[in-house]
Structures are given as C-alpha cells and as structure tokens.
Amino acid sequence: PVWRSRQESIRGTRPIGCLLMQSQRRARRSTEEIRTRLLDAARELFAEKGYEATTVRDISARSEVAQQQLFQNFGSKEGIFTAAFLAPLGTIVERYVTDFTSTDPDSTIRERVTLLVNSLYDLADENRDILLTAICRRSRAAEQDGTSSELLDHIARTLHEMEVITELPPGTDLPAAIVTTASMVFGAVLLEDMIYPSGAPRLHRERLTAEMINTLLHGALHREPEDR
C-alpha cells in the first residue's frame, strides 16, 4: 500500500534528519569553542593515559568534536599536544629573551623577572597533572630501558633557550640562574604534596611568587632595605 511505503520512507529519513540536526549543532560552534573543547579534552586524556596511549579518536570522543575538525585546527595529535603546553612555554621564553635583548627595553629587570615567574607558575599550575604524569612515566621508563620523555626534554630545551641573553647584571651565572628559576617555580607547583604536611593550608600563589621574585633579584638574605 502507498501509505506503508510513505511510512517506511519517513522512517528511513529519520536517522538522516537526526544526523543533519547534529551536524548543524556542531556547525554552530565557533572556532574558539572547538579549539577549547579539543584542548581541554586533550589535557585531561594526556594526564589520565599519557601522550602515547591517547589517540585522536579518544580526544574526539571526549570533546564531542569530529576528528576532521581536530586535524583542521591542529594537524595531528602532536600538534594539539604542542598547542596545549609547549607553544605557550615557547611564547613565555621568547618574550623574556626579547625583552632582555632589546636595545631599547620598555621594562625594568624586576618587571621582566616578575612576568617570567608568574607566567611559568600559571602554566605549570594549569598543566600540573600532565607534568606529574610525564615525570612518573620518565622515571619508570628510565628504570626499564633508559629512555627519556619527549615532553620533559622539550621543556628543558625550551627553557635553556634563554642562554642567548647577554645583557645581564655582572657576575650572573646564566645557566645556573635558569635551572634555579625553573626549579623554584615548577617545584612549588609539582612538589606541594611533599612540601606541605598533610592537611596543612597551602600558601597563596601571590605570596609564593613574590618570594621567588625577591630571591631571584636579591638572594635569600642579601636584599635591598626597601624589600625587607
């Protein structure tokens, strides 16, 4: 009968209609929202499963964004990983180097150090789980076969790009200063479970970063009177 064929036709078109509606919902998302969903999902999965075990399909499913859009925005899993952590770190280091090597700097040394410490602290805090996972995985891998972590090695190489700075206060040991700065900032964020007794309140971020900045500028005990 004709009415049956029409019903079957309608039933057959329902899935297509649903798919079209889902597609339209996705199409209404802005590029910024898509990138944010992908980055948030990637950070969560990298922390939970590690970089190697996380797949593009995992990120797509967690973010509810099509794999094609991931490739369009980031090119690959490596690309989204870079955007999630390494690219911001590179930007921080590049800005610091530029400020120090500029022939006409528009900021003081204190302002540059303050910006560096605060930027590194925020980046480490936002990606604490990823960094802790990478450290644990590196430790286990080193025990088994001596392999290293690509993420941690890239972080170290990026930080040491600051060694190109030449205009520094007399007597500055630049390589040691880089290691000391990174150790203070990343250590305060990543090792807080070891630094604070169980149940003890954590110091506020502003208090910690202010002390780091003063220590870097004046040393732990040799400070200018106005900074005491």
Please say yes or no: joined through hydrophobic side-chain contacts below 4.5 Å, possibly via intermediate residues, are [X] and [Y] part of one cluster?
{"X": "Ile178", "Y": "Phe100", "result": "yes"}
{"X": "Val179", "Y": "Ile165", "result": "no"}
{"X": "Ile92", "Y": "Leu115", "result": "no"}

Quick one: does [X]'s side chain get under 4.5 Å of [Y]'s, heavy atoms only?
{"X": "Leu120", "Y": "Leu89", "value": "yes"}
{"X": "Leu217", "Y": "Val113", "value": "yes"}
{"X": "Leu116", "Y": "Met162", "value": "yes"}
{"X": "Glu48", "Y": "Arg62", "value": "yes"}
{"X": "Leu123", "Y": "Pro88", "value": "yes"}

Determine, stepwise, if the pair Leu216 / Met184 fulfils side chain to side chain contact (heavy atoms under 4.5 Å, CB included). CA-CA 10 Å; Leu216 288 170; Met184 280 197 298; 3.4 Å; yes
Would you call [X] and [Y] a salt bridge, using N to O less than 4.0 angstrom?
{"X": "Lys77", "Y": "Asp58", "result": "no"}
{"X": "Asp40", "Y": "Arg43", "result": "yes"}
{"X": "Arg205", "Y": "Asp122", "result": "yes"}
{"X": "Lys49", "Y": "Glu44", "result": "no"}

Show the numbers, then the answer: is there a salt bridge (Lys or Arg N to Asp or Glu O under 4.0 Å) between Arg202 and Asp125? CA-CA 14 Å; Arg202 270 46 171 170; Asp125 190 46; over 6 Å; no
Nearest 0.5 Å, please: how far is [atom2] in [Y] from [atom1] in [X]?
{"X": "Gln69", "Y": "Gln67", "atom1": "CD", "atom2": "CD", "answer": "11.0 Å"}
{"X": "Glu192", "Y": "Leu203", "atom1": "CD", "atom2": "CG", "answer": "10.0 Å"}
{"X": "Thr91", "Y": "Arg95", "atom1": "OG1", "atom2": "CZ", "answer": "10.0 Å"}
{"X": "Leu86", "Y": "Ile155", "atom1": "CG", "atom2": "CD1", "answer": "6.5 Å"}
{"X": "Glu211", "Y": "Ile213", "atom1": "CD", "atom2": "CD1", "answer": "10.0 Å"}
{"X": "Thr209", "Y": "His204", "atom1": "OG1", "atom2": "NE2", "answer": "12.0 Å"}

Going through the checks in order, is the ring-ring contact (aromatic ring centres under 6.0 Å, His included) test met by Phe81 and Phe85? CA-CA 7 Å; Phe81 181 69; Phe85 186 86; 7.8 Å; no
Within the supplied structure, the quantity of interest is the number of heavy atoms (other residues, nucleotides, ligands) at a distance under 6.0 Å from Arg157 CZ; does it exceed 12?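 Buried by this count: over 12 neighbours within 6.0 Å.
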With a sphere of 6.0 Å drawn around CD of Glu33, does it hold more than 12 non-hydrogen atoms of other residues, nucleotides or ligands?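 For Glu33, atom CD is crowded (more than 12 foreign heavy atoms under 6.0 Å).
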The criterion is side chain to side chain contact (heavy atoms under 4.5 Å, CB included); which residues satisfy it with Arg35, sequence neighbours excluded?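 With neighbours one apart ignored, the set is Thr31, Asn73, Phe74.
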Can any side-chain N or O of [X] pair as donor or acceptor with the backbone N or O of [Y] at less than 3.5 Å?
{"X": "Arg37", "Y": "Ser63", "value": "yes"}
{"X": "Ser60", "Y": "Val65", "value": "yes"}
{"X": "Asn118", "Y": "Thr114", "value": "yes"}

Nearest heavy-atom neighbours spanning [X] and [Y]:
{"X": "Tyr121", "Y": "Ala188", "result": "CE1-CB, 4.3 Å"}
{"X": "Ala182", "Y": "Leu159", "result": "CB-CD1, 3.9 Å"}
{"X": "Arg29", "Y": "Ile34", "result": "CB-CG1, 3.9 Å"}
{"X": "Leu190", "Y": "Leu132", "result": "O-CD2, 3.6 Å"}
{"X": "Ile80", "Y": "Ala42", "result": "CD1-CB, 3.8 Å"}

For Phe186, which residues count as a ring-ring contact (aromatic ring centres under 6.0 Å, His included) partner, sequence neighbours excluded?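 Here no residue qualifies.
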